Structure formats: structure tokens, C-alpha cells
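Heavy atoms only: backbone and side chains are in, while hydrogens, waters and symmetry mates are out. Computed from a predicted structure; not experimentally measured.
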Amino acid sequence: MRHELPYARPGQVIGLLGGSFDPAHSGHAHITREALKRFGLDRIWWLVTPGNPLKKNGPAPIETRLARARAVMQHPRVEVTDIERLTRTRFTAETLQAVQRLYPGVRFVWLMGADNLASFHHWDRWEWIMQNVPVGVIARPGDRVAARTSPAAKRFEHARIAGRAARQLANAEAPAWSLINVPMVDVSSTQIRARGEW
């Protein structure tokens with residue numbers, strides 16, 4: 001399995017952006033480039049998940065989604081991966097534990113949209129995630145208020161790094177999280193599917 005995994009050196013800071021990417025689109029690529037700059041990350045790995053435990057209907061086949069993601073996200077510091085399929089993990093907390101074991105000395109930052117922070121308290125072992133990995137949150141249109149007032153934001157208010165200091169997140173000890181506002185590309189996988197383009 002090791003040769004199929006992406007390479008990372010001890011001391012590097014890798015952002016992890018997970019999702020079904022069903023399909024990947026220019027909005028995902030945009031927030032990835034912004035996260036690289038704003039959070040001071042060395043690299044970002046997209047974790048194309050075999051399936052989302054919170055979604056009733058399964059996504060398109062993973063090989064199809066990986067191919068689309070690689071076509072959409074072409075950047076020398078970004079790698080599209082199927083780590084969750086290789087590690088056979090289903091939930092984010094399990095995946096994070098697996099990569100921490102596989103990559104001793106590498107620092108990981110979990111990345112997510114503000115819409116995910118709003119519902120983060122429904123995730124499996126969400127408090128463990130916050131307590132063990134810094135979290136970078138990228139605001140999308142209409143999600144800022146719900147994210148800032150979410151149970152997770154309130155529970156970990158003491159660990160928040162202001163957006164203007166977001167580059168500190170890469171070297172912060174968990175719990176630590178930062179919410180950044182970025183110019184947005186108003187496109188979603190749901191819209192693409194609804195138009196019959198996927």
C-alpha cells in the first residue's frame with residue numbers, strides 16, 4: 001500500500017481536503033489555492049472519499065471522480081488521492097489517525113468549507129478531530145453566520161485564530177482553528193448534477 005500513497009517529508013505541513021467531489025469543480029480548485037496561501041501550507045491533498053456516511057445516495061464511481069478531480073485540480077503542490085480507500089477508513093477521525101500513523105513527523109491541517117463547520121457537531125468524534133488536528137475553515141457564500149454560531153465554533157471559541165493571522169494555523173498546536181473569508185466561485189456539485197452535467 002505504501003507505494004500508492006502520496007509522498008511527504010517529516011516537518012512538512014499538509015492540508016487535507018476531504019469530500020465526495022461528485023463532481024470536482026472550479027470552486028474546489030479555487031478554495032484549495034486560497035487555503036495554500038492563507039494557511040501557510042506546504043501541500044494539499046484532496047481525499048476523494050469512497051462514500052460519504054452522512055449522505056443517503058452514493059456518489060459516482062470513485063475512478064470517475066478521481067479522473068475528474070485530477071483534470072480540475074492541476075497544481076504542483078496539490079495531489080488528488082484515494083487515501084480513504086487505501087486505508088479502508090470511513091470517518092474523518094479514523095482517516096486522520098491513519099495518516100498520522102503512516103506519516104510520523106508530518107503535520108496535518110484539516111480543511112473544510114464553512115457549511116461543514118455549521119454541521120460539524122454531527123460528525124463522528126468531531127471533538128477528537130478538533131483536539132488533535134488544526135482546522136482551517138474556508139467561508140463560502142451564505143455560510144459565515146451559521147459557521148460562527150455553530151456548536152463546534154462555540155465549544156472551541158478559545159482555540160480560534162483570527163482570519164488575519166491564519167498563517168499561524170500551520171504551526172499551531174491543536175485545538176486550533178481559523179475561519180477565512182475568500183472571494184468565492186459560486187458553483188456547487190449539487191448544481192452541476194441538477195443540470196445533468198455529471
Heavy-atom closest pair, residues [X] and [Y]:
X      : Y      : value
Val48  : Ala69  : CG2-CB, 4.4 Å
Thr149 : Lys154 : O-CE, 3.3 Å
Ser26  : Val72  : N-CG1, 4.1 Å
Gln74  : Arg70  : CG-O, 3.3 Å
Phe21  : Leu47  : CE1-O, 3.8 Å

For the side chain of [X] and the backbone of [Y], is there at least one donor-acceptor N/O pair under 3.5 Å apart?
X      : Y      : result
Arg148 : Ala118 : no
Arg68  : Ala24  : yes
His122 : Ser119 : no
Thr64  : Ala60  : no
Arg38  : Asn181 : yes

Spatial distance of atom [atom1] ([X]) from atom [atom2] ([Y]) [nearest 0.5 Å]:
X     : Y      : atom1 : atom2 : value
Arg90 : Glu84  : CZ    : CD    : 10.5 Å
Thr87 : Leu102 : OG1   : CG    : 7.5 Å
Thr92 : Arg125 : OG1   : CZ    : 10.5 Å

Identify, with sequence neighbours excluded, every residue that meets salt bridge (Lys or Arg N to Asp or Glu O under 4.0 Å) alongside [X].
X     : result
Glu79 : Arg43
Glu94 : none
Arg85 : Glu63, Asp82

### Query
Thr81 and Trp46: side-chain donor and acceptor closer than 3.5 Å?
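The answer is no; no qualifying pair exists.
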Identify every side-chain donor-acceptor pair in residues 128-138 under 3.5 Å, counting partners at least two apart or on other chains, and give the distances.
from   : atom 1 : to     : atom 2 : distance (Å)
Asn132 : ND2    : Trp128 : O      : 2.8

Heavy-atom distance under 4.5 Å between the side chains of [X] and [Y], does that happen here?
X      : Y      : value
Thr32  : Trp45  : no
Thr49  : Pro59  : no
Arg33  : Met73  : yes
Leu5   : Ile83  : yes
Arg65  : Ser20  : yes
Trp126 : Asp124 : no
His25  : His30  : no
Ser150 : Phe156 : no

Got a list of side-chain donor-acceptor pairs under 3.5 Å for residues 157-171, not counting sequence neighbours?
from   : atom 1 : to    : atom 2 : distance (Å)
Arg167 : NH1    : Lys37 : O      : 2.7

### Task
Test side chain to side chain contact (heavy atoms under 4.5 Å, CB included) on Tyr103 and Phe108 and set out the steps.
CA-CA 9 Å; Tyr103 296 94; Phe108 291 100; 3.8 Å; yes
### Query
What residues, two or more places apart in sequence or in another chain, satisfy ring pair (Phe, Tyr, Trp, His ring centres under 6.0 Å) together with Phe39?
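With sequence neighbours excluded, Phe39 shows a ring pair (Phe, Tyr, Trp, His ring centres under 6.0 Å) to no residue whatsoever.
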### Task
Evaluate side chain to side chain contact (heavy atoms under 4.5 Å, CB included) for Ile14 paired with Ile44, printing each intermediate quantity in order.
CA-CA 5 Å; Ile14 310 290; Ile44 290 180; over 6 Å; no
### Task
Only one of Val78, Asp42, Ile31 passes side-chain contact (heavy atoms from CB on, under 4.5 Å) with Leu36; say which it is.
Val78
#### Entry: Within 6.0 Å of CZ in Arg9, more than 12 heavy atoms from elsewhere
no
### Task
Mind running side chain to side chain contact (heavy atoms under 4.5 Å, CB included) on Gln97 and Phe91 for me, showing each step along the way?
CA-CA 10 Å; Gln97 286 180 303; Phe91 295 99; over 6 Å; no
